[in-house]
*Asks:* 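Please read through the structure below; I'll follow up with questions.
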There are 2 protein chains.
Amino acid sequence: MTTIYDLDTPSALLDRQILTANIRRAQEVCRRLGVVWRPHLKTHKSLDVARLQTASPEGPATVSTLKEAEYFAGAGITDLIYAVGIVPSKLPRIHALNRRGADVKVILDSVEAAEAVSRWCRENGAALRVLIEIDCDGHRSGLRPDDPAVSDVARAIRDGAELVGVLTHAGGSYALASEADRIRAAQNEVKAVVSVADKLRGEGYGIRIVSIGSTPTLMACQDASGVTEIRSGVGSVGDLFMAGLGACRIGDISLSVLVQVIGRQTEKGWLITDGGWMAMSRDRGTARQAVDWGYGAVCDEAGRLMPDYWVSDANQEHGIISRRDGAPIDPKEFPLGRRLRILPNHACPTGAAFDRYHAVENGTEVIGVYPRINHWEA
Amino acid sequence: MTTIYDLDTPSALLDRQILTANIRRAQEVCRRLGVVWRPHLKTHKSLDVARLQTASPEGPATVSTLKEAEYFAGAGITDLIYAVGIVPSKLPRIHALNRRGADVKVILDSVEAAEAVSRWCRENGAALRVLIEIDCDGHRSGLRPDDPAVSDVARAIRDGAELVGVLTHAGGSYALASEADRIRAAQNEVKAVVSVADKLRGEGYGIRIVSIGSTPTLMACQDASGVTEIRSGVGSVGDLFMAGLGACRIGDISLSVLVQVIGRQTEKGWLITDGGWMAMSRDRGTARQAVDWGYGAVCDEAGRLMPDYWVSDANQEHGIISRRDGAPIDPKEFPLGRRLRILPNHACPTGAAFDRYHAVENGTEVIGVYPRINHWEA
């Protein structure tokens, strides 16, 4: 049997039991709400994980890059939304997938984009399903639900391009530390996108997809009437930032980075590990939360949290672990070569530091390797 | 001729003219100081760039991971220092390289590590060159120069392991914003390691390598008497953090991320691009400098700085560009699809977001693809 002691460090571990429990929880929320779950695959970018999430071989699923679209569609997960505003230069890769049987849908939020996409479809004899992106909370992209330009954009989607839905993302929910606020954010997310769907249907458009999604609002959504699907990503993997918000518990974090003690600075109370920020990522998202985890939370070999410790600093290939109370570290407890597991602040960039996950169960058993992709270019 | 308009976005551009000028500058500093330059390859992890840096086909060079050691040694750059404290579990991969003709040297800073490495060499019939790591400024790893344990560590390096040198890294210089402070840091770095080398020679050890290195102290070093080599990494590529320190100019930054305008929020004065933090990295190192560049500095297609703009925020696959003065953005100046180039806060994590660089010259001409590696596992 392979165990974590057989692995090189740093490497990425994915606790399959925690992962499947998280996935089941999201599926149950969606079943209770009567909507389809369209998991966002951007967090893990792994076919093995996607297979645990998707309802059928075709999906549905959400992607954040064309490379993800190509990777997952190539493996048969063809019902995809590319959930980043489209520009014409990205259409050849999408069209190539759709000609091979995929159904990669795109989003846009301006007449300029709608006209450019329609023109591209006309000139290339392409059919393409399009959703209008709605901005429910001022977070990023999209049209405000009451913006009269929504109708102008809908009208500008023509020729091979077909308007099939509306989509929003309550990105503002990442800043909400109370459940009451997240419940309100989920209500607002639903209302924003359903109101636009109703209006567009009144104008004669066949709006089949009404899509919302963020991990915090998924877990706080109480009524999704009028919504057809929810997208969520990071919650299946879990991280310290989501735990800090209250959207999951620390025990729900399935991803950890296996590191090794490579040195100590005894006078300073430092352990030095080979898990630096290149492995953990530069994400310091918990710095502004109630509990700052530095570059990550420290667990023992079997994944049990050691709450007295934190990754207090990091360089490219060095992590520094110290006690929160500043007390000395017992060198006998942490000999050179001891393996530890570090929970990430943010699962998306930490996962992206690796080209594979080692799936673990029962603490230290390695049950398989889950490759993942990274980058953008074909 | 290929130009940047033929590239997908986001992608990484490396301006070859700037890069070679930076490399020449480091080489000239080392020549003036009478030392060998052992460039640290961890910033770019690209064989094409390493070939521009190294004095001979064999190197010398510095690496931060075993995967870098394997990649570069496999291409003939065999004179390497793996500049992260060694533990025995990493020795099989190093020994495999050295048996095939490489000379990968390791560093350590404790009797515990020296004994473990010596034992491993004895048990495996391995020869291994070892340097003692010195802590010149309290930054991270290493023994203080006056620590009597230096002699104990030297004595514990035996059997197949051979003590050949001492090494330090003035990591504290990254916090020094004045040139006078950096000049002092460089003097201190030299003094720390030369004093240990002299002491160990007095104890009968053949200290052949006396190694210092950091980009800020390289540029500030005025006298390296007693030092045999300088390692530096990020300075060859350049980034906003080094420019903020004064260790280079903004015009010396050879790496940029090519992005595309994919949307606007006109009322907020936002351009939305496809260069989010997954492309730029989560590094916010300039946040505590005199000029905060957000997630990066904005340049036009040809690489000319647009100083009125900055990447004021970012999500995973979305960058938000706004004017520093909060004024509106002219949509005619930034149509959908316009390409921009973003200079990184920190070249090491931004480079690691990509699997290749597109080498450019004369603004927008693409003259080649430089693959790079990432991750740790074989």
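For the numbers below, each heavy atom of this structure counts, side chains included, while hydrogens, waters and symmetry mates do not.
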*Asks:* Please classify the contact between B/Thr9 and chain A as side chain, backbone, both or neither, with a heavy-atom cut-off of under 4.5 Å.
*Replies:*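 Both the backbone and the side chain of B/Thr9 come within 4.5 Å of chain A.
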*Asks:* Are A/Asn315 and B/His139 close enough that some pair of their side-chain heavy atoms sits under 4.5 Å apart?
*Replies:*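 Counting from C-beta outward, A/Asn315 and B/His139 do come under 4.5 Å.
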*Asks:* If you look at every heavy atom in B/Val261 and A/Val87, which pair is closest and at what distance?
*Replies:* O-CG1, 3.6 Å
*Asks:* Find out whether B/Tyr82 and A/Glu317 are in side-chain contact, i.e. whether some heavy atom of one side chain is under 4.5 Å from a heavy atom of the other.
*Replies:*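 Result no, sub-4.5 Å side-chain heavy-atom pair not found.
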*Asks:* Take A/Asp8 and B/Lys90, measure what side chain to side chain contact (heavy atoms under 4.5 Å, CB included) needs, and give me the verdict at the end.
*Replies:* CA-CA 8 Å; A/Asp8 283 337; B/Lys90 311 223 175 192; over 6 Å; no
*Asks:* Classify the ring geometry between A/His375 and B/His375 as parallel (under 30°), tilted (30 to 60°) or perpendicular (over 60°).
*Replies:*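 It falls in the tilted class, 30° to 60°.
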*Asks:* Against chain B, work out which of A/Met278, A/Gln316, A/Arg264 has the most heavy-atom pairs shorter than 4.5 Å and name it.
*Replies:*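 Top option by heavy-atom pairs under 4.5 Å: A/Gln316.
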*Asks:* Heavy-atom distance under 4.5 Å to chain A: side chain of B/Glu112, backbone, both or neither?
*Replies:* both
*Asks:* Measure the acute angle between the ring planes of A/Phe354 and B/Trp376, then classify it against the limits of 30° and 60° as parallel, tilted or perpendicular.
*Replies:*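 Rings of A/Phe354 and B/Trp376: tilted, as their planes differ by 30° to 60°.
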*Asks:* Is there side-chain contact between B/Arg282 and A/Arg284, with at least one heavy-atom pair below 4.5 Å?
*Replies:*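 The answer is no; the side chains never approach within 4.5 Å.
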*Asks:* Could you tell me whether the side chain of B/Ile262 reaches within less than 4.5 Å of the side chain of A/Val84, counting heavy atoms only?
*Replies:*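 Heavy-atom side-chain distance check passes, below 4.5 Å.
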*Asks:* So, B/Glu377 versus A/His358: side-chain donor-acceptor pair below 3.5 Å or not?
*Replies:* yes
*Asks:* For the interface with chain A, which of B/Ala12, B/Ala378, B/Ala353 has the highest count of heavy-atom pairs at distances below 4.5 Å?
*Replies:*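 Winner by heavy-atom pair count: B/Ala353.
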*Asks:* Relative to chain B, which of A/Pro10, A/Ala113, A/Gly337 shows the most heavy atom pairs under 4.5 Å?
*Replies:*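 Sorted descending by pairs with chain B, the first entry is A/Pro10.
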*Asks:* Quick check on B/Asn374 against chain A: is it the side chain, the backbone, both or neither that has a heavy atom closer than 4.5 Å?
*Replies:* side chain
*Asks:* Taking A/Ser281, A/Gly138, A/Ala116 one by one, which has the highest count of heavy-atom pairs under 4.5 Å against chain B?
*Replies:* A/Gly138
*Asks:* For B/Ile272, is it the side chain, the backbone, both, or neither that has a heavy atom closer than 4.5 Å to a heavy atom of chain A?
*Replies:* side chain
*Asks:* Pick whichever of A/Gly142, A/Gly276, A/Gly263 has the most heavy-atom pairs under 4.5 Å with chain B.
*Replies:*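 Highest number of heavy-atom pairs under 4.5 Å: A/Gly142.
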*Asks:* For a 4.5 angstrom cut-off between non-hydrogen side-chain atoms, does A/Trp270 reach B/Ser141?
*Replies:*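 A side-chain contact is absent here, since even the closest heavy-atom pair is not under 4.5 Å.
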*Asks:* Given heavy-atom pairs under 4.5 angstrom as the criterion, report whether the side chain, backbone, both or neither of B/Asp313 touches chain A.
*Replies:*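 No part of B/Asp313 comes within 4.5 Å of chain A.
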*Asks:* What do you reckon, is CD of A/Glu333 surrounded by more than 12 foreign heavy atoms closer than 6.0 Å?
*Replies:* yes
*Asks:* For B/Lys42, is it the side chain, the backbone, both, or neither that has a heavy atom closer than 4.5 Å to a heavy atom of chain A?
*Replies:*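 When you check distances to chain A, atoms from both the backbone and side chain of B/Lys42 fall under 4.5 Å.
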*Asks:* Please look at B/Pro331 and chain A and tell me whether the side chain, the backbone, both or neither of the residue comes under 4.5 angstrom of a heavy atom of that chain.
*Replies:*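 It is neither, since no heavy atom gets under 4.5 Å.
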*Asks:* With a 4.5 angstrom heavy-atom cut-off, is it the side chain or the backbone of B/Ser110 that approaches chain A, or both, or neither?
*Replies:* side chain
*Asks:* Measure distances from B/Ala279 to the heavy atoms of chain A and classify the residue's part below 4.5 Å as side chain, backbone, both or neither.
*Replies:*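 For B/Ala279, backbone and side chain are both near chain A.
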*Asks:* Tell me, for B/His346 versus chain A, whether the close heavy atoms (under 4.5 Å) come from the side chain, the backbone, both or neither.
*Replies:*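 For B/His346, the side chain is the part near chain A, not the backbone.
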*Asks:* Would you say B/Ser89 and A/Gln260 are linked by a side-chain donor-acceptor pair, where the criterion is simply a distance under 3.5 Å?
*Replies:*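 Side-chain D/A pair, A/Gln260 to B/Ser89: present.
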